[in-house]
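Here the structure is laid out as structure tokens; the discussion comes afterwards.
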Amino acid sequence: MTESTKYLLSEDRLPKAWYNLNADLAVPAPPPLHPGTGQPIGPDDLAPIFPMAVIAQEVTTERWVEIPEPVREVYRLWRPAPLIRARRLEKALGTPAKIYFKYEGVSPAGSHKPNTSVPQAFYNKQEGVKRIATETGAGQWGSSMAFAGSLFGLEVEVFMVKVSYDQKPYRRALMETYGAKCIASPSNLTHAGRAILEKDPNSNGSLGIAISEAVEVAASRDDTKYALGSVLNHVCLHQTIIGEEAMMQMEMADAQPDIVIACTGGGSNFAGLAFPYIRENLKGAKTRVIGVEPASCPTLTKGLYAYDFGDTGKLTPLVKMHTLGATFMPPGSHAGGLRYHGMAPMVSHVKELGLMEARAYHQTECFAAAVQFARAEGIVPAPESSHAVKGAIDEALRCKVEGKAETILFNLSGHGHFDMQAYTDFFAGKLKDNTYQQADLDAALAELPKVG
Ligand SMILES: *Cc1c(COP(=O)(O)O)cnc(C)c1O
């Protein structure tokens, strides 16, 4: 009998609901606060920038949230996503461990991000919104929002972090193919952007700055709302379709993961795979859950758990999260999607409750892992996803030393076809393991708001 490589679900098994971990935690995550009053914010505070359906999902205490049929219809363009057993990688490593990965690179944009851009576009359209203003780091979120906007007839304007805008011209072309407008951030179109450019005309930009610009545009126009591709509760919620599918597929494989691994930028693909497994852990299962982040922007392993702004311009509500400080400028790296100063409040909360582990790796060791993976399995991982690959390989090698046949499941959050310059730089020996300056981190943390 030949053993299966791919575990595929038929379209009729596409999940009908997203899972909300908040419903199962004994201690709820601390609420977002109004920066002016220090009091918890209400729906009215968010109404200028988000549609009501999204705000309701942000604060819901329901365990299951139904996926609207028009969203499931779009999901079926690429979902259910495959679960793959990495047998060739296991062999190359000589490990007794069994390695499975959930592959989110099959979406039109090449990552997990359309899992949330599609419902966000749907809810905005339903409430009569005409335009979406948003930010993007490496361009994954911008292209995912552009794709969703094109399906639901919304105009999309994307502020793209300058360093990535220069590094990844084809991501911009992809956004334009879907009909979106892409602007390098900081830009001179907003107060927030101009303030940064005055101080530093050569600013590399950051997600925090790009968020300020997009929020400013959304707040100043009635026909425009804002969309965020990570961090917030509703985004983590939408991504749980990954874990819900993976659980059914692991069952098809007659396997249970001992370890679940995902990379963490803002925390959404991690939440998507891990939260359903954390639900089972709360009921007595003992799966280790590991988030892997870049050593150049180590929010979970080096940040403070404190209330902070979501953006550099200090326009957003305060959220309690692991943060490096809203004004912290992470050094440039090729994993643009992991260069955010904070972590999803839900993921941060889960970390504080001791329900997950976190570790940090430098980018060259992640690229080495990604190349090893590509040569065994064929798929070229996104630089962000390479952190999860490195985490999985390290665990598999530990299993080899310890002679243990553990089962490892990781999230391959996207492919790297738009990131080949990073691979070229890696092969040329040009990639540096940039570390931040402790003084910069201390200065950013000293600016944390004094609340909570
Ligand atoms: C954006 C992105 C990430 C990081 O974002 P999370 O919200 O932490 O998931 C990871 N992988 C890929 C491929 C991405 O595009």
Side-chain angles (χ1 to χ4, degrees), residues 15-20 22 31-32 34 40-62 64-77 108-109 113-136 141-159 175 178-181 190 210-241 266 268 310-311 315-317 319 344 346:
K16 293 192 166 63
W18 296 297
Y19 168 63
N20 175 24
N22 245 329
H34 191 285
I41 55 165
D44 292 349
D45 295 307
L46 295 174
I49 57 170
F50 292 118
M52 280 328 256
V54 163
I55 296 170
Q57 289 182 350
E58 189 59 24
V59 297
T60 185
T61 52
E62 295 291 313
W64 298 100
V65 175
E66 193 186 331
I67 306 175
E69 191 46 41
V71 171
R72 295 181 77 238
E73 195 186 314
V74 176
Y75 276 172
R76 283 195 285 268
L77 290 173
K113 290 197 171 74
N115 296 335
T116 184
S117 69
V118 170
Q120 290 196 52
F122 168 76
Y123 293 123
N124 273 288
K125 183 69 181 183
Q126 214 182 22
E127 295 183 29
V129 174
K130 299 277 183 282
R131 293 170 82 242
I132 298 286
T134 193
E135 77 291 328
T136 196
W141 171 243
S143 43
S144 301
M145 196 64 236
F147 157 64
S150 75
L151 294 186
F152 288 98
L154 294 166
E155 271 180 57
V156 176
E157 188 170 277
V158 183
F159 291 90
M175 290 179 231
Y178 290 130
K181 198 167 135 196
T190 65
I211 293 172
S212 298
E213 294 207 85
V215 169
E216 186 181 320
V217 168
S220 63
R221 286 185 58 151
D222 280 346
D223 63 348
T224 306
K225 297 236 186 272
Y226 169 68
L228 191 60
S230 184
V231 180
L232 296 179
N233 297 351
H234 65 274
V235 179
C236 294
L237 175 78
H238 298 156
Q239 293 296 352
T240 57
I241 192 162
S268 73
D311 69 322
L315 297 173
T316 69
V319 290
M346 275 298 290

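Along the sequence shown, residues are numbered consecutively beginning with 1. Both backbone and side-chain heavy atoms feed into the values below; hydrogens, waters and symmetry mates do not. A quick note: this is a predicted structure, and the numbers were derived from the prediction, not measured.
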> Got L228 and E135 here, is their nearest side-chain heavy-atom distance under 4.5 Å?
Replying inline: yes
> To the nearest 0.5 Å, how far apart are CG in L154 and OG1 in T224?
Replying inline: 10.5 Å
> What are the two closest heavy atoms between G149 and A121, and how far apart are they?
Replying inline: N-CB, 4.4 Å
>> Can you tell me how far apart OG1 (T316) and CG (L46) are? Round to the nearest 0.5 Å.
In response: 10.0 Å
> Ignoring hydrogens and geometry, is there a side-chain-to-backbone donor-acceptor pair from T134 to A227 under 3.5 Å?
Replying inline: yes
> If you draw a 6.0 Å radius around CD in E127, do more than 12 non-hydrogen atoms from other residues or ligands fall strictly inside?
Replying inline: yes
> Hey, is the main chain of G42 close enough, under 3.5 Å, to the side chain of D45 for a donor-acceptor pair?
Replying inline: yes
> What is the minimum heavy-atom distance between S268 and G229, and which atoms define it?
Replying inline: OG-O, 3.9 Å
>> Apply side-chain contact (heavy atoms from CB on, under 4.5 Å) to residues E58 and F50 and explain how you reach the verdict.
In response: CA-CA 10 Å; E58 189 59 24; F50 292 118; over 6 Å; no
> So do L77 and L151 actually touch side chain to side chain, heavy atoms under 4.5 Å?
Replying inline: yes
>> Restricting to non-hydrogen atoms, name the atom on T60 and the atom on N20 that form the minimum distance, rounded to 0.1 Å.
In response: O-ND2, 3.0 Å
>> Quick one, V156 and Y178 - any side-chain contact, counting heavy atoms below 4.5 Å?
In response: no
>> Are there over 12 heavy-atom neighbours, none belonging to E66, within less than 6.0 Å of that residue's CD?
In response: no
>> Any heavy-atom pair between the side chains of I211 and Y226 that's under 4.5 Å?
In response: yes
> Any side-chain heavy atom of R131 sitting closer than 4.5 Å to one from E157?
Replying inline: yes
> Do V118 and F152 have side chains that get closer than 4.5 Å, going by heavy atoms?
Replying inline: yes
>> Show the nearest heavy-atom pair for residues D311 and S212, with the distance to one decimal.
In response: OD2-OG, 2.7 Å
> Which distance, rounded to the nearest 0.5 Å, do you find between the NZ of K130 and the CD of E155?
Replying inline: 10.0 Å
> Are any of the side-chain heavy atoms of I132 and M145 separated by less than 4.5 Å?
Replying inline: yes
> Got a sec, which residues hit side-chain contact (heavy atoms from CB on, under 4.5 Å) with T240, two or more places apart in sequence or on another chain?
Replying inline: W18, Y19, F275, P276
>> By the salt bridge (Lys or Arg N to Asp or Glu O under 4.0 Å) test, which pairs, at least two apart or in different chains, include something from residues 223-234?
In response: R221-D223
>> Has S144 got a side-chain atom pairing as donor or acceptor with K113's backbone, closer than 3.5 angstrom?
In response: no
> Can T190 and F159 be said to form a side-chain contact (heavy atoms from CB on, under 4.5 Å), step by step?
Replying inline: CA-CA 11 Å; T190 65; F159 291 90; 4.2 Å; yes
>> If I take atom CD1 from residue I41 and atom NE2 from residue H34, how far apart are they, to the nearest 0.5 angstrom?
In response: 8.5 Å
>> Just verifying a value: how many Å separate W141 CH2 and T116 OG1, rounded to the nearest 0.5 Å?
In response: 5.0 Å
> What distance do L232 atom CG and M346 atom CE have between them, rounded to the nearest 0.5 Å?
Replying inline: 12.0 Å
>> Could you tell me if the side chain of Y75 sits less than 4.5 Å from the side chain of P119, heavy atoms only?
In response: yes
> Charged N to carboxylate O under 4.0 angstrom, E69 versus R76?
Replying inline: yes
